[in-house]
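One structure below.
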Amino acid sequence: MTDSPDTSAATTEHGLAAERARRLDHVAALRNDGTNPYPYRFDRSHTLAEIRSAHGGLQAGTETEVAVAVAGRILLKRDQGKLIFATLRDRDDEIQLFVSRAVVGDDLFARIDDLDLGDWVGVHGIVMTTRKGELSVKVSGLELLAKALRPLPDKWHGLADTDTRYRQRYADLISNDDARRVFAVRHAIIASFRRTLAAKDFVEVETPVLHVEAGGAHARPFTTHHKTLDMGLYLRIALELHLKRLVVGGMERVYEIGRVFRNEGISPRHNPEFTMMELYQAFGDYSDVMAITEELFAAAARDAIGTTVIDVNGLSVDLAEPFRRVRMIDLVREKTGVAVHPSQSVEALRSLAAEHNVRTEAQWGSGKIIEELFEALAEHALIAPTFVTGHPVETSPLARVDRNDPHLTERFELFVGGRELANGYSELNDPVEQRLRFEDEQRAKEAGNAEAGTVDEDYLRALEFGMPPTGGLGIGMDRLTMLIANVPTIRDVILFPTLRPEVLD
RNA sequence: GCCCCUUUAGCUCAGUUGGAAGAGCAGCGGACUUUUAAUCCGUUGGUCCAGGGUUCGAGCCCCUGAGGGGGCACCA
């Protein structure tokens, strides 16, 4: 490997190309020596975390007789002449390799010296601590498990360029602790949800992503096409309508954690594909699912970060405490000083909106204007967790009318840090009323509202078989992860966020 | 879709008034038996995002475009 001929690419290329060429030469030299630079497997006896938990308290300058076989990636190397110190990392931890020329012999020492940062290795050795007390594996044997051809990002600063971090998430995960932390939090939250729901006898199901009707939410869908059936299809914008069909079918408690797609803008809070958890519980109403929401959030925080106290825009919030509940119309009254209600005339509400510089459209009814007033005046100020309830019927076509007020629904949206995180309601289960609501949606769509829904005849047929009273809930898992992991952008909680295609040379 | 910011070595970043493109890390060569962002000596490495323009001269000024970020709009 040191005697690569002068004709090798490494001597003619520059920069990154030279670095790759040098490492490729190295791979070729290993093969010439009969060493497979990409062997098939390695028998590991311990993870690095297991070693740390068993021997973390070892006194400085101690050598045990514990033989281990560990595997990981070489991140740092400190060549000290006849000693080499290297930092090895596996999925959860790092440990130092201690390599003594006197122990491993000249040949292996030279091969270890030749390792590049980024190489994967399998190591045999014994557990020890150095004079300074650093837990280490004293290497007796080492084999290359996979050669890295490209140099790692900066060993101290990691990868900082946002573009590169999102496009080359592998490099981000290698070099940035925080990236690894955030995705560990994300996994812990999802695992926590599954445990909480399993304990409540919910059944996890999978429903179609390809929809003939894009219903269950107000959003512009993606379209696609099936070749053999020669038909247009939508990617789902919500899980709702299929899950409720399952409640009709008698499954009683169902949930799905799945990807939904909305063909809308991209922002620090919006990715075109994102993950929703939706659940439906027979015999319950919106009060039941508000309680479940609080329980899911508190358990997820506890499981993911070990505490229910989180920071929201500089405000310390304890998710274990009940969330504030307030009606949408009361929030609008607080902000405007005027009592509002969907029973009021469109004209009166339109002039109130104009007073507060809230733009309205001609086809909007009273309920839609109230919701716009709420979004413009009150939403951004809801920092601590707040259930906003009592949405107008006009903007909630799948929610059941409030048992005490025919103009409002038994619906809530949960806001934290000024962002919507969850949405739920007492589900409308009267097929006759549901048809009327769908027909209103259809009219709005025909009037040019691309986000409006259509009449889903199969869903109506399902409701005609009878759906028990049901409470439903949807939670945006990406936003919940942002909240608990305390990161400012949704791209930091999605492994591969949507980007324009990279131009490769 | 509109507005603002940004793009310099593999990575992290400087670059003054428009006057010879730099540092640290990584790499390469050398020293070093308890280092830990090891240290020390030497050293390679550039389409300054792309294309135009102004100028004796452009990384820097102007125009157009591209990627990314933020805001608005849309939305969860």
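For clarity, every value in this text was computed on a predicted model and none was experimentally measured.
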**Report entry** Gap in Å between the two C1' atoms, one belonging to B:U47 and one to B:A38, rounded
**Finding:** 37 Å
Requested in this report: Could you label the plane-to-plane angle of the A:His242 and A:His211 rings as parallel, tilted or perpendicular, counting under 30° as parallel and over 60° as perpendicular?
Outcome: tilted
Query raised in the report: Checking all strands, does A:Ala160 fall into the base, sugar-phosphate, or nothing category for heavy-atom contacts under 4.0 angstrom?
Result: sugar-phosphate
Query - Strand partner of B:C2, provided both Watson-Crick or wobble distances fall under 3.5 Å - result: B:G71
Query raised in the report: How close or far is atom C1' of B:C11 from atom CG of A:Leu75, stated in whole angstroms?
Result: 14 Å
Report task. Look at all strands and tell whether A:Leu16 reaches a base, only sugar-phosphate, or nothing, counting heavy atoms closer than 4.0 Å. Result -> sugar-phosphate
Query raised in the report: Taking atom P in both B:U8 and B:C48, what distance in whole Å separates the two?
Result: 11 Å
Query raised in the report: If we take the C1' atom in both B:G59 and B:C49, what is their distance in whole Å?
Result: 12 Å
Query raised in the report: With a 4.0 Å cut-off on heavy atoms, is A:Gln80 in touch with a base, just the backbone sugar-phosphate, or nothing at all?
Result: base
**Report entry** Residues in contact with RNA chain B, drawn from residues 88-102 of chain A - heavy-atom cutoff 4.0 Å
**Finding:** A:Gln96, A:Phe98, A:Ala102
Report task. Would you indicate what A:Leu76 reaches in the nucleic acid, counting non-hydrogen atoms under 4.0 angstrom: base, sugar-phosphate, or nothing? Result -> sugar-phosphate
Requested in this report: Determine the contact category for A:Arg359: base if any of its heavy atoms lies under 4.0 Å from a base atom, sugar-phosphate if only primed atoms, P, OP1 or OP2 are that close, otherwise nothing.
Outcome: sugar-phosphate
Report task. Give A:Ile84 one of three labels, base, sugar-phosphate or nothing, depending on what nucleic acid heavy atoms sit under 4.0 Å from its own. Result -> nothing
Report task. State whether the distance check finds a donor on one side and an acceptor on the other, under 3.5 Å, for side chain A:Glu134 versus base B:U36. Result -> yes
Requested in this report: Report yes if a side-chain nitrogen or oxygen of A:Arg491 is closer than 4.0 Å to either non-bridging phosphate oxygen (OP1 or OP2) of B:G69; otherwise report no.
Outcome: yes
**Report entry** Sugar-phosphate, base or nothing in reach of A:Asn263, heavy atoms under 4.0 Å
**Finding:** nothing
Report task. Kindly say whether, by distance alone, the side chain of A:Asp154 makes a donor-acceptor pair under 3.5 Å with the base of B:G24? Result -> yes
Query raised in the report: When the distance from CG of A:Leu152 to P of B:U12 is rounded to whole Å, what number comes out?
Result: 13 Å
Requested in this report: Please report, rounded to the nearest Å, how far the P atom of B:G69 is from the CG atom of A:Leu159.
Outcome: 14 Å
Query raised in the report: Touch check for A:Thr130, heavy atoms < 4.0 angstrom, all strands: base, sugar-phosphate only, or nothing?
Result: base
Query raised in the report: Which part of the nucleic acid, if any, lies within reach of A:Gly474 when heavy atoms closer than 4.0 Å are counted: base, sugar-phosphate only, or nothing?
Result: nothing
Query raised in the report: Taking the six-membered ring for Trp, are the ring centroids of A:Phe374 and A:Phe415 within less than 6.0 Å of each other?
Result: yes
Requested in this report: Using the closest heavy atom to pick a nucleotide of RNA chain B for each, name whichever of A:Arg167 or A:Gly133 lands nearer the 5' end.
Outcome: A:Gly133
Requested in this report: Please figure out whether A:Gly15 or A:Lys77 has its closest RNA chain B nucleotide nearer the 5' end.
Outcome: A:Lys77
Report task. Output yes if the stacking criterion (under 5.5 Å between centres, under 30° between planes) is met for A:Phe274 over the base of B:A76, else no. Result -> yes
**Report entry** Distance, C1' atom - from B:G69 to B:G51, rounded to whole angstrom
**Finding:** 24 Å
Report task. Can you tell me, in whole Å, how much space there is between the P of B:A23 and that of B:U44? Result -> 10 Å
Requested in this report: Would you mind reading off the distance between A:Phe85 atom CZ and B:A37 atom P, rounded to a whole angstrom?
Outcome: 13 Å
Query raised in the report: With sugar-phosphate meaning primed atoms plus P, OP1 and OP2, does A:Arg220 contact a base, only sugar-phosphate, or nothing at under 4.0 Å between heavy atoms?
Result: nothing
Query raised in the report: Hey, would you say the A:Tyr234 and A:Phe222 ring centroids sit under 6.0 Å apart?
Result: no
Query raised in the report: Which part of the nucleic acid, if any, lies within reach of A:Asp161 when heavy atoms closer than 4.0 Å are counted: base, sugar-phosphate only, or nothing?
Result: sugar-phosphate
Query raised in the report: Which nucleotide, in any strand shown, forms a Watson-Crick or G-U wobble pair with B:C25, with both distances under 3.5 Å?
Result: B:G10
Query raised in the report: Closer than 4.0 Å, any side-chain N/O of A:Arg78 to the OP1 or OP2 of B:A37?
Result: no
Query raised in the report: Which part of the nucleic acid, if any, lies within reach of A:Arg500 when heavy atoms closer than 4.0 Å are counted: base, sugar-phosphate only, or nothing?
Result: sugar-phosphate
